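One structure, as structure tokens, below. Some questions next.
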Amino acid sequence: TPIATARGLVRTYGSGPTAVHALAGVDLDVQRGRLTATMGPSGSGKSTLMHCLAGLDRPTSGTVVVDGEEVSAMSERRLTRLRRDRIGFVFQAFNLVPTLTALENITLPFDIARRPVDREHLDAVVQAVGLSDRLSHKPGELSGGQQQRVACARALVTRPAVVFADEPTGNLDSASAHEVLSFLRRSVDELGQSVVMVTHDPTAASYADRVLFLADGRIVDEISQPTPDTVL
Ligand code: ADP
Ligand code: ADP
């Protein structure tokens, strides 16, 4: 079964003749244990789709189900809990806590959710992220690629049903982007994590198992097993 589904997803901003149909009817199954990328021109609806799937925004109509729960029908209170307990987020700006070490940033979600640290998974994530000699450094002492890997590790550490990454390599040079993307790839291949990534970089999208192309609020194409050439 898919980890997330959208059916007839519509998100309209405003009303009347000036209404903007950010999503104009999206049907989508996000596969479990896969890296899915969403591409498309600026304004095509990528962020809106991600926000609706992640329970950050409510669709105007249609349904979203994440990990068996209908997100589109949830109360605000349950949505907050779903986002905290079942969804991981990575943003273009790394959003790390500057006063905490890399390791403290990575384990922060356990504190926020008041859950005991899952040692075994933490060790696996720390191993996969490849920062063993940087764990006691603060974000300001790390490169951009290292900071974004810490942010990804933090998003994964509680084994969320799905991790959403919005332009995770948007602020990075290509070498740092590769560090981040190969970590996301390993989290899928070795840890079984489900990841959805929004990007406009074809190289980044080529790390995915499947690439969806949006235009004017609709999915207009998709490819499996992309390469940098087929994504362009
Ligand atoms: P993308 O992420 O692909 O750049 P978005 O999902 O951000 O696209 O935006 C899709 C469309 O919805 C755009 O036309 C955008 O201007 C519009 N839009 C997004 N957010 C809002 C908002 N809060 N109010 C009004 N229009 C919005
Ligand atoms: P590392 O530098 O961490 O050893 P690898 O080069 O082994 O990373 O790549 C990690 C994962 O990313 C592998 O699954 C690999 O197939 C994939 N990968 C590496 N480079 C690309 C690329 N340019 N496009 C798509 N996938 C890539």
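In what follows, residues are counted from 1 in the order of the sequence shown. Just so you know, these numbers come straight off a predicted model, no measurement behind them. Just so you know, ligand 1 is whichever comes first in the structure, and atom 1 is the first atom listed for that ligand.
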- Query: side-chain contact (heavy atoms from CB on, under 4.5 Å) with H121: which residues, sequence neighbours excluded?
  - Reply: D118, V125, R159, L191

- Task: Indicate, with yes or no, if F164 and L35 share a hydrophobic cluster defined by side-chain heavy-atom contacts under 4.5 Å among Ile, Leu, Val, Met, Phe, Trp and Tyr.
- Result: no

Under 3.5 Å donor-acceptor pairs involving side-chain atoms of residues 217-224, not counting sequence neighbours:
residue: R218; atom: NH1; partner: A24; partner atom: O; Å: 3.0
residue: E222; atom: OE1; partner: R210; partner atom: NH2; Å: 3.1
residue: E222; atom: OE2; partner: R210; partner atom: NE; Å: 3.0

- Near ligand 1, which residues have a heavy atom under 4.0 Å away from one of its atoms? Y13, V20, A22, P41, S42, G43, S44, G45, K46, S47, T48

- Message: Between L212 and K46, is there a side-chain heavy-atom distance shorter than 4.5 Å?
- Response: no

- Query: Going by distance alone, is a donor N or O of one side chain under 3.5 Å from an acceptor N or O of the other, for Y13 and H21?
  - Reply: no

Per-pair distances, 0.1 Å, donor-acceptor, side chain in residues 89-98, under 3.5 Å, sequence neighbours excluded:
residue: Q92; atom: NE2; partner: N171; partner atom: OD1; Å: 3.4
residue: N95; atom: ND2; partner: A93; partner atom: O; Å: 3.3

